[in-house]
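Right, one structure below, let's go through it.
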Amino acid sequence: MTDNTSLWPAPLAPGAVDATVPVPGSKSVTNRALVLAALAAEPGWVRRPLRSRDTLLMAGGLRAMGVGVEETLSANSASVSGAPGGTGEAWRVIPSGLRGPARVDVGNAGTVMRFLPPVAALADGPVRFDGDRRSHERPLHGVIDALRALGARIDDGGRGALPMTVHGGGSLTGGRVEIDASSSSQFVSALLLSGARFNQGVEVRHTGGALPSLPHIRMTVEMLRAAGAQVDTPESGGEPNVWRVTAGALLGRDLVVEPDLSNAQPFLAAALVTGGRVTIPDWPRHTTQPGDALREIFTEMGGVCELDERGLTLTGTGRVRGIDVDLSDVGELTPGIAAVAALADSESRLRGVAHLRLHETDRLAALTKEINGLGGDVTETGDGLVVRPRPLHGGVFHTYEDHRLATAGAVLGLVVKGVEVEDVATTAKTLPDFPEMWQAMLDGTAGERM
Ligand SMILES: O=C(O)C1=C[C@@H](OP(=O)(O)O)[C@@H](O)[C@H](O)C1
Ligand SMILES: C=C(OP(=O)(O)O)C(=O)O
C-alpha cells in the first residue's frame, strides 16, 4: 500500500533558479509508440522511452496480450543526451498474435484505458480491463460504443465504463463509426491507432460538442503515417471532424521519444515565478506535443523564451502577468498555468477546459479548493477558472492522486513559505523522479544528472 497522505515540504527557492533540466520522454509519444509497435508486422524499437507508471502499465497490458516488450540498454539511445529514468534505455517490441484470456490493469492512465480496448478486440480471447477507483469514473463510452458498432463484443455490465471485458474475436470488421469525443480526444486516437488492423480500416466521425486536445489527435495521425499507415484527416482536405485510416500492415519503427514538454512545465514555471532561468535540453523544433504552446503562453505571462541548440531557455523577467486564454487544445497544461496565474500581478481567465472535470480528478474543483486553501481567490466557471492573485500563505496542498496537482503545488511552494504537498509520489504517473529533479534544479545540479 502506498501512503498517499504523506506531506512533502515543498522547497522554497533561495533566489532566482538557474538550471538546465533534462526531462524524460513524453508519456503520450511513448504509449502511442508502444501500441503501434505491438500492432506492426515486424519488431521495432522505442528508444529513450518514458519509464513511469502510465507507460509501465501500457507495456504490461501489451505483454498480457502476448506482445514482447523487452527493456534493454541500447548503444544508439545512449548517445542522445539523457534524462533521469531514461538515459540510454530502449524497449524492443516484438509483435505476436494477440491473445486472451488476459487481464489489463489500466491504473488511472487515460491512454491505457482508451488505447488498449481496440487492441483487445483483435485478440483471440477475452481481455479483462480494470484499474484504480477513478478509472471507473472516467469516460469510456466513446470507445465501448464505437467498438460494438465496429463488430466487437464487450461486457461492461451496462455501465459504459470500467471494469469490463472485451471478448476479442481474433479480428474486427471495422468501417464507419460516429462518436461524441467531446469528453476526451483519446476516444478518437484509440480507434485510429488500431484502425489499420481492422478488416475494413476505420472512419471515425466526431459528432457533439467541441473536441478537446486536437494536438494529441495530430500526434496520433503523424505517428500512424510514420508507421506507414494511410490516414485522411480534416487538415488533409477531408471533411471536418472525420478521420480515416486505411486497412494495411504497419511498419516496425526505430523511434526516439521526445522529452515530455508537459512535464517540462513546472521547471519552466520555476524560472518564470522566481525571475530565474531554466533550460530544457532537446526541445524539439517540430512537435505535436501540446507542451510546445508553453513558449507562447509563458511569454504572454511575462517570460522570455529562446529556442536554440541548447534547447528551450525560459528567462523570468521578475514580472508575472495574468492571461486570458483558451486552453482546450492544451488542457493538460491547465494546473501548471493556474499555479503561475495565482502568483501573477493581474487576473487570469482560463477557458475551454470543462472536460478537465473528468481527468485524473476534477481538476477545476481541485485547483479552486487548493489554491483558495492557501489564501487564493479562484472561481470555477462553466468551462474553466478565473484566478485573481492574492497574497498566499502556507498550508497543505491536497493532490487527489493527480500528478499535475502535485507539480502545481511545488510551483507555488517555490515562493510561498510553508506549502506542504500531499502525496508527491503521485507524480510517478508520468515523472517518477520529480522530487529529486526539483531539488536538483534548486541546487543547480540538475544538468549533472544527465
Ligand atoms: O492522447 C493523449 O496522449 C492525451 C490526450 C489528452 O486527453 P483528453 O483529450 O482526454 O484531455 C491529454 O489531456 C492527456 O494527458 C494525454
Ligand atoms: C489527463 C492526463 O492524463 P491521462 O493520459 O490519464 O488522460 C494528464 O496527464 O494530464
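Atoms within a ligand are numbered from 1 in the order they appear, just like the ligands themselves.
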The criterion is ring pair (Phe, Tyr, Trp, His ring centres under 6.0 Å); which residues satisfy it with His403, sequence neighbours excluded?
none
Show the atoms of ligand 2 that are less than 4.0 angstrom away from any heavy atom in His359.
1 (C)
List for me each residue that meets ring pair (Phe, Tyr, Trp, His ring centres under 6.0 Å) alongside His136, sequence neighbours excluded, and say none if there are none.
none
Please identify which atoms of ligand 2 are closer than 4.0 Å to at least one heavy atom of Arg404.
8 (C), 9 (O), 10 (O)
Atom-level proximity to ligand 1, residues with heavy atom under 4.0 Å:
Lys27, Ser28, Arg32, Thr111, Phe115, Ser184, Ser185, Gln186, Ser213, His216, Glu332, His355, His359
Does atom CZ of Arg176 have more than 12 heavy-atom neighbours from other groups under 6.0 Å away?
no
With backbone taken as N, CA, C and O and side chain as the heavy atoms from C-beta onward, which portion of Asn108 lies under 4.0 Å from ligand 2: side chain, backbone, both, or neither?
backbone
Contacts of Pro9 that satisfy side-chain contact (heavy atoms from CB on, under 4.5 Å) - sequence neighbours left out
none
Kindly confirm or rule out an N or O of Ala109 lying under 3.5 angstrom from an N or O of ligand 2.
no
Validation row: Trp91, Arg47 side chains within 4.5 angstrom (heavy atoms)
no
Heavy-atom contact check, 4.0 Å cutoff: does Thr111 meet ligand 2?
yes
Ligand-side contact atoms (ligand 2) for residue partner Lys429, heavy atom cut-off under 4.0 Å
3 (O), 4 (P), 6 (O)
The option among Arg138, Lys27, Arg363 carrying the non-hydrogen atom nearest to atom 5 (O) of ligand 2 is Lys27
Flag, side chain of Ser52 to backbone of Lys429, donor-acceptor distance under 3.5 Å:
yes
Looking at Trp45, is its backbone amide N or carbonyl O close enough to the side chain of Arg253 to form a donor-acceptor pair, meaning the two atoms are under 3.5 Å apart?
no
So, do Phe129 and Met113 sit near enough that their side-chain heavy atoms are less than 4.5 Å apart?
no
Best match, Arg114, Gln186, Glu360: closest heavy atom to atom 1 (C) of ligand 2:
Glu360
In this structure, CZ of Phe298 is separated from CZ of Arg321 (nearest 0.5 Å) by 13.5 Å
Below 4.0 angstrom, N of the basic side chain to O of the carboxylate: do Glu222 and Arg225 qualify?
no
His403 N/O to ligand 2 N/O under 3.5 Å
yes
